[in-house]
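Have a look at the structure below before the remarks.
Treat the numbers as computed from the prediction; the structure is a model and nothing was measured.
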Amino acid sequence: MVAWTEDLPSRRGVALYFRNVSDEPVRIVSITLYECTNVSGGCSEYDPGITLQPGETERVRTIEPFDPQGYFRYKWRYRSMSVWRDGAHPHAEDA
């Protein structure tokens with residue numbers, strides 16, 4: 001799994017993208033925001049409930065400031081699971 005952020009083109013904030021670079025489907029189990037300052041919705045854990053097929057890319061979430069004029073910052077991490085025929089195998093990443 002590859003994950004990255006891109007600035008939103010029309011307003012302040014960023015979009016979180018994921019690409020499945022494996023040969024198996026991968027489910028994104030959670031995205032966690034932490035050490036947040038001025039983040040709309042605050043720090044939280046979110047289950048997007050998305051499964052990406054091999055080679056698939058998807059925009060999964062946006063992060064925006066609560067006060068558009070103020071500074072905002074955050075850290076994030078995610079957990080994913082390979083969806084194999086014999087069951088799911090967990091992975092975790094910090095971004």
Side-chain angles (χ1 to χ4, degrees):
M1 185 67 69
V2 176
W4 70 95
T5 62
E6 290 184 11
D7 290 338
L8 296 173
S10 61
R11 61 188 187 274
R12 289 194 62 210
V14 297
L16 302 182
Y17 286 88
F18 289 83
R19 178 180 298 134
N20 181 356
V21 295
S22 76
D23 293 334
E24 299 286 338
V26 175
R27 182 174 185 278
I28 301 168
V29 177
S30 69
I31 299 170
T32 304
L33 300 182
Y34 62 100
E35 295 183 24
C36 301
T37 301
N38 190 33
V39 171
S40 182
C43 282
S44 62
E45 184 172 341
Y46 167 69
D47 178 0
I50 293 172
T51 299
L52 298 176
Q53 298 303 314
E56 186 177 11
T57 299
E58 188 162 337
R59 178 174 150 170
V60 176
R61 182 175 181 167
T62 59
I63 302 170
E64 299 176 289
F66 177 77
D67 173 3
Q69 304 305 315
Y71 169 80
F72 79 109
R73 69 180 278 290
Y74 61 92
K75 291 183 180 179
W76 67 290
R77 65 179 164 254
Y78 70 94
R79 288 188 319 119
S80 62
M81 299 178 90
S82 297
V83 183
W84 295 5
R85 281 177 250 135
D86 66 342
H89 301 272
H91 303 280
E93 298 288 335
D94 286 333

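At least one side-chain heavy atom of N20 sits under 4.5 Å from a side-chain heavy atom of P54.
The nearest pair of heavy atoms linking E45 to T32 is CG-OG1, 3.4 Å. When all heavy atoms of S30 and P48 are compared, the pair lying nearest together is CA-CD, 4.2 Å. Q69 and R12 get closest at one heavy-atom pair: C-NH1, 3.8 Å. Here the closest non-hydrogen pair linking L33 and C43 is O-CB, 3.3 Å. Annotation for R73 and E35: closest pair NH1-O, 2.8 Å, computed over non-hydrogen atoms.
In terms of the side-chain contact (heavy atoms from CB on, under 4.5 Å) criterion, residue partners of T62 (sequence neighbours excluded) are, by chain and number, L8, A15, R59, E64. Remark: N38 pairs with P65, F66, D67, F72 by the side-chain contact (heavy atoms from CB on, under 4.5 Å) rule, at least two apart or across chains.
Taking Ile, Leu, Val, Met, Phe, Trp and Tyr as members and joining any whose side-chain heavy atoms lie under 4.5 Å apart, directly or through other members, Y71 forms no hydrophobic cluster with any other residue.
Panel note: side chain R19, backbone L52; no donor-acceptor pair is recorded below 3.5 Å. Judged by distance alone, with hydrogens and angles left aside, the side-chain atoms of R79 form no donor-acceptor pair with the main-chain N or O of V29 at under 3.5 Å.
No continuous path of hydrophobic side-chain contacts links M1 to Y17 [ILVMFWY only; heavy atoms under 4.5 Å].
Summarising the geometry, atom OH belonging to Y78 is positioned 15.5 Å from atom CZ belonging to R61; distances are rounded to the nearest 0.5 Å. With values rounded to the nearest 0.5 angstrom, T5 atom OG1 is found 4.5 Å from Y74 atom OH.
Residue F18 forms a side chain to side chain contact (heavy atoms under 4.5 Å, CB included) with just one option from I28, V2, V26, T57, and that option is I28.
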